[in-house]
Every structure is written in C-alpha cells, then in structure tokens.
Participant: 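Okay, here's the structure, questions in a sec.
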Protein chains: 2
Amino acid sequence: MATIDDVAKHAGVSKGTVSSVFSKKRPISQAVTERVLSVARELGYYPNHVARSLAIKKTMIAGLKMPISKDGVMSQFEIQMINGVIRECSRHGYRVLLDTLPEHDDPRQFSSDPVDGVIMLNPRKNDARIERYSQMGIPLVLVGRPDPMDPTISYVDNDNKLMAYQVGNYLLQLGHRSVLFLNASADMTVSADRQSGLTEAFNEQGLSIPPENLVNFLRKLHVSVSDYGYHSLMNTYGKLNYTAVITDTDRVALGVLRAARELGIDVPGDLSVIALSNDATLAQEMSPKLTSVELSAEVLGTQAASILIQKMNDASIVKQHVVDAKLVYRETCRSLP
Amino acid sequence: MATIDDVAKHAGVSKGTVSSVFSKKRPISQAVTERVLSVARELGYYPNHVARSLAIKKTMIAGLKMPISKDGVMSQFEIQMINGVIRECSRHGYRVLLDTLPEHDDPRQFSSDPVDGVIMLNPRKNDARIERYSQMGIPLVLVGRPDPMDPTISYVDNDNKLMAYQVGNYLLQLGHRSVLFLNASADMTVSADRQSGLTEAFNEQGLSIPPENLVNFLRKLHVSVSDYGYHSLMNTYGKLNYTAVITDTDRVALGVLRAARELGIDVPGDLSVIALSNDATLAQEMSPKLTSVELSAEVLGTQAASILIQKMNDASIVKQHVVDAKLVYRETCRSLP
DNA sequence: CTGAAAGCGCTTACAG
DNA sequence: CTGAAAGCGCTTACAG
C-alpha cells in the first residue's frame, strides 16, 4: 500500500504537509490540499492507523474483556451489555475491541492490547488483571463489583443481593414459604450474592431454604438454559417441597413453563414463577406473561462505557455506579390461598 | 509505561535481546532470559502491541464491519453471526474489532483500521467499500452476497430466494392459497430475495400474492419486532384474505401468536404460522412449537471467519460459500381441510 | 503556509 | 548467543 512518503514525493511536498492535509491539524493552502488529495486518490493512499496510533499514543479503541464460555454462547445479559457499550463508544467515535481470548498465565503472553482503555466483565476474586492494567496505565472499568471492594476502582453493577432479597420478600408476602431456586452457575459471584440475599429474606421470617432447593446451573448437565429449567422442574416437582420457582433468566423460565404444561401444573394457580432476568420483550410475549426482574444490562453497558470515556480523558476519575434492578409484576406469580 | 529501552538498559543488554526474550524468535541464554524477565517484572514492562504491529505489519485482529441500526439493537441473526465469528477468530488467536461507526463520505475520514482483514455484513448494491479494501490490500469476506455478483470476492450467504421458494411450496402443498408475508425491512437485499422466491412458488401454481399481503417492517411504526407481528395480525385479520402467515423471524411470530390468542384464533387450526428465522431454542419453547427455518447464522459467522483467516495467510484465496437453510417442521403449520 | 528532522516502541537482517 | 543500526509509517515541535 502507498505510504505517506509516496504521496509526499509524488505531490512534491513534505510528509508533514501530507499529514496536515489529512489531520487538518494545521492549515494548508487550498492549492496544496487539492494536489495532495488528488495524488492520494491516484495512489490509493489511506493513512495507516497503526503508525498514527504509535505516534500519537492513542488508538480510539476501547477494549472489552470478556471470558467466553466453552460453548461459545453469550448470554442475553452479555449481549445487551455489549450493545450498550457499543452504542456509547460509537457515539464518541470509539471502536470496540472484543477480547475473548483465554488468558495465559505466562506473563510474556500478556501483551497490552492496542486500546486506550478497557471494560472488564465478571472480575474474579482478587483478580490479578486489575493490578496489571493499573501498572500499564490503562484506564479500567469493571462490570460487576471488585472483590474485595476497592474505592479506587471504577465499576458499574447491579445490587444482586438486594435484588434477590426483594424477590424473596415479594414471594414471602404472597404467602410462599418454600421455593426452588434455579440459580446461575456456582462460579459466578452473582450466584453467591443472590443466594445470600434470598436466604436473608427467608431467615428474617424465621424460615430457611433447604440446600436441595438451591440449585446451580451446570454446563455439562444441560444442553441449553431452557433445558435446565425444563429438567429441573421435571425431576423435582412432587419430590421437593415448593410453591414457587425462582429462575436465573427468562430462558430458564421458558423451560419451566414448558415442563409445567406437560405436567398439567397451572401457572400461577399451582405454581408461581419469577425470573431474575433481563429480556423484557420475551417476558411480555410469554403466555402467561412472565413476572421478572429487569436488570437493565444495556444501561450497565452504557454507563461502563461512559465512565471509561471520561477516564480516558482524565485518568484520575473514579466512579462507582449501581444500576437499579426493578421487579416487573406480570402474570406468573400469585398469592397462596 | 516502561519501554523495551528501559528494560534493556536496566538489564544491561540490547533491545534486540529483550525483544527476543519475549518473542522467543531467537534463542537467548537462560541467564540473560531470567535477568531480563526479572527486570521487566520490576519495571512493570509489557510489550507495546501497537509498536509491535507497526514493525511486523500484522495486528492479529479481524475487523467486523457492521452497520448499527438507529435503535442500536442487534438482531438475533447478527448476534449469532458475531458469535460464530468470535469463536472462530478466538480459536486462531485473533481478536475481533467491532466497527459500527457510521461511515463518513469524506474519504479523508476513511482511515484503515488496525486489522489484518475484515468481515463485512450486509454489503449494499455496488458497495464502494469493497473496492476500497482491495485497494488497501486488506483481505475481505462478505456475509451476504456481493451485488452485482463478482467471482473474485469471497463471501458466505444463505440462498434466501431458494429458501422462500421452498417455504412457499410447503404451504402450497398443505393447501394454502393465500398468505400474509411479514417480511424484513424493504431496504435489505434479503427481503427482495425472499419475496421473489415466494412469488415464484405461487406463480408456478398460477397463483399470485396481492401486494397488500406483502408487508415490510418499518422501524418508525413498531416499537419492537414482536410488536410488528402483533399489530400486523390485529390490523389485517378478517380484512385481508389469508390462511397462513410467514414471518421474518421467530420474534415476529411471537407477536403473531399473542394476537391470535387474544383474537381467539386457533394456531394451527385456523391459521398456520411459519418463521424464516434462526433462533431454534426459542421456537422449541413456544406453545405451540413454531415451525421455522434454521438459517444457521452462527455457521455463517464461523465460515466467514474461517475463510478470512485463510485469506490473511494467502491473499489469493477466494471462496464463496452458501450455507444451507433447513425447514424445521414443528407444530404451527397444518394442511387445509 | 511549509519543510527537515527527531521520535513513538518495537523487529530484524547483518555481523560477530 | 548477542549487539548496533535501520526501518515500520506516522506526528510534531522547531524554524523559517
């Protein structure tokens, strides 16, 4: 490909001049501008982004660091989150680099990405990468809270414990005394948060939830998340004691409802169902319409990106933001007689 | 941040040696390797990706060029496609740069991205960008066929015309003589392809489809795609003449089914429904289970990425690949008495 | 308004 | 096994 040097020579000017024509950072005479542009067109010249980035030490790219599960499928939550990130970055002229590469332990492999900042999904406990980014001087925003908490780290998150606590109270208020909780997989911090919130609500009423009613998703066990809901109900209904099911997502609830139809269980007459989920459209369209929690994943993404963009302009900025989850009452929960 | 120069000086070696320690491109003695690594750790040195890319003229990044609709929401098809691209790229050590930036007409704005190749979604008619990438010497793979056809351009696609033709024949075989077609928005080439395939099937039987039964999605008219299905049925049932509805996606079908429930229309007793869609999980979970076309969007993505990776190693490679769509018979279509 | 030259942080023949 | 130096393709003070 043609370089800035080729254009400069053919147009009889210096590289600096060509550079200025494209960047408009200093004024170039009309005549020269036109000559340069026409030569550039002839030669098929386009400025080299990488060289430019090296010179100005900016790439106008935001990194999105997310683990990809073995089955390679993104959850609806992740998708909406990403959507929010993309939208906000795009509004500000940033591109998004998706980094789903499995992490190598050899630090030699850990090269800095060509990004001006990064958004990291699902940080782990004592996540070593956080310290690494700060060493590299790369602005970082987490989606999900740092563990342990750290006032110097920017993040956005839902309050999952509070949310589960509220869902628990809602069901208790309806008269339910025993639930089946089809939680996310055990290795996610959100699972622990939810379980603790739900348990707390029950404990406050002097009740407890037996361990066999607290189920975690296992990738090896289920082909899909709706399958998880379907088989969980099939295998436990009538055996375990519960009048309501709390599911990880609306997709899981989909499977629960299918199983209920097959077993002749009336929802919400015989069984209440509620999802700790986020895809409002789907919940609306189900029959009966699904009572669920709206996590606003897209808002999380937008907020994370917005904070990152601020940090990329002023590294000293720190923001921690909790996005409210709201319980949307639809048709799948009913009070016990 | 520390640079290779800092490490070299502190370790008392040359930059070339430090470089080799990290790249392992030439053997470095055990003793020196350890010294360099320890200094690097002390200084918090990580190789600069941008500088490295400039030197080796490779970024190990694949670009994914996709327009983002005004509402900023990706369709399920796009999501699955992206999923496929990510998975395949990730397998081969590539990262993915999402470029959703609106295109500028000023060629000065059109800087080359820091990518080794690009996958472009939904190419337009006589898309100028195709020529541009070839000028820049950047390997390109389209998702969707080039228009006009060009044997030198690599792409993957479904055969949408054939698919619609087959769906038409299936319904005709069941005895349906009039359909309502809730197509995608009119500006997509896939919409035209489908309409022509469906029309052809009807014409072969000496039948035609009245224009008012051929509907296109309008973003300004509907808040969501399921809303599109819902209102289309509500507004036309009993007014227009049809015994079957063909929908763009399963989401649209969701809305159609909801409207049918509210109107007391039995599916498939009174009305058949079929979706030209791709999210098999959802179709399975609906009640009744939705008859639909499986487009294998993820396979399209995987294939596109796979071809791109080949091209990035040998630019002369050209592959054109049509991914089969398959009609999955479930419960929402029935033959007329 | 324009040019010459140093610099961004790496890699890689070429020598030894 | 290691070093010195040129080069990747830009940008940007400094001068004029």
Side-chain angles (χ1 to χ4, degrees), chain A residues 1-37 39-40 43-61 108-116 136-138, chain B residues 1-37 39-40 43-61 108-116 136-138:
Chain A
M1 233 205 49
T3 71
I4 199 171
D5 245 321
D6 301 328
V7 176
K9 268 169 203 148
H10 284 249
V13 298
S14 74
K15 312 195 289 180
T17 300
V18 177
S19 175
S20 304
V21 166
F22 280 87
S23 71
K24 297 173 184 154
K25 288 214 181 158
R26 51 183 195 176
I28 300 293
S29 72
Q30 178 81 25
V32 172
T33 298
E34 273 165 21
R35 187 144 40 92
V36 166
L37 247 28
V39 169
L43 266 45
Y45 167 74
Y46 299 96
N48 180 309
H49 183 109
V50 174
R52 173 159 213 278
S53 297
L54 179 59
I56 67 177
K57 293 161 163 289
K58 252 160 71 108
T59 61
M60 293 303 282
I61 296 177
R108 267 175 293 186
Q109 305 293 345
F110 191 85
S111 100
S112 67
D113 275 345
V115 297
D116 297 338
M136 295 195 282
I138 294 185
Chain B
M1 231 205 51
T3 70
I4 199 171
D5 244 321
D6 302 329
V7 177
K9 267 168 205 149
H10 284 248
V13 298
S14 73
K15 311 194 290 179
T17 299
V18 177
S19 175
S20 303
V21 166
F22 281 86
S23 71
K24 295 174 185 155
K25 287 213 181 158
R26 50 182 196 175
I28 300 293
S29 71
Q30 179 81 25
V32 172
T33 297
E34 273 166 19
R35 187 145 41 92
V36 166
L37 247 27
V39 170
L43 265 44
Y45 167 74
Y46 299 96
N48 180 309
H49 182 110
V50 173
R52 173 158 213 277
S53 297
L54 180 60
I56 66 176
K57 291 159 164 292
K58 253 161 69 110
T59 61
M60 293 304 281
I61 297 177
R108 266 174 295 185
Q109 305 293 346
F110 191 86
S111 100
S112 67
D113 276 345
V115 297
D116 296 337
M136 294 194 284
I138 293 185

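Per chain, numbering begins at 1; letters A, B, ... match sequence-line order.
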Participant: Report the residues that fulfil side-chain hydrogen bond (donor to acceptor under 3.5 Å, both in side chains) with B/Ser19, sequence neighbours left out, ordered by chain and then residue number.
Facilitator: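 If we apply the side-chain hydrogen bond (donor to acceptor under 3.5 Å, both in side chains) test to B/Ser19, skipping adjacent residues, there are no hits.
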
Participant: Looking at every strand, decide which applies to A/Lys15 at a 4.0 Å heavy-atom threshold: base, sugar-phosphate, or nothing.
Facilitator: base

Participant: Using every non-hydrogen atom in the two residues, find where A/Val13 and A/Arg35 come nearest and quote the distance to one decimal.
Facilitator: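 Smallest heavy-atom distance, with atoms named: CG1-NH1, 4.2 Å.
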
Participant: DNA chain D: B/Val32 or A/Thr17, which has the more 5' nearest nucleotide?
Facilitator: B/Val32

Participant: Looking only at side-chain N and O atoms, does B/Ser20 offer a donor or acceptor that is under 3.5 Å from a partner on B/Thr17?
Facilitator: no

Participant: Using a heavy-atom cut-off of under 4.0 Å over every strand shown, decide if A/Ile28 touches base, sugar-phosphate, or nothing.
Facilitator: sugar-phosphate

Participant: If you assign each of B/Ala51 and B/Arg26 to its closest nucleotide in DNA chain C, which residue comes earlier from the 5' end?
Facilitator: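 Result of the comparison: B/Ala51.
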
Participant: By nearest heavy atom, map A/Ala55 and B/Pro27 onto DNA chain D; which one lands nearer the 5' end?
Facilitator: B/Pro27

Participant: Measuring only between side-chain heavy atoms, which start at C-beta, is A/Asp6 closer than 4.5 Å to A/Thr3?
Facilitator: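 With C-beta onward as the side chain, the pair touches.
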
Participant: Pairing check on C/dA4: which nucleotide meets the Watson-Crick or G-U wobble criteria with it, both distances under 3.5 Å?
Facilitator: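 C/dA4 is paired with nothing.
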
Participant: Would you call B/Asp5 and B/Lys9 a side-chain contact if the rule is heavy atoms closer than 4.5 Å?
Facilitator: yes

Participant: Does any nucleotide pair with D/dA13 by Watson-Crick or G-U wobble geometry, both distances under 3.5 Å, and what is it?
Facilitator: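 Per the H-bond distance test, none.
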
Participant: Can you see which heavy atom on B/Ile4 is nearest to which on B/Tyr45, and at what distance?
Facilitator: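 Looks like N-CE1, 3.4 Å.
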
Participant: Go through DNA chain D in 5' to 3' direction and return only the first and the last nucleotide with some atom under 4.0 Å of chain A's heavy atoms.
Facilitator: D/dG9 to D/dC14

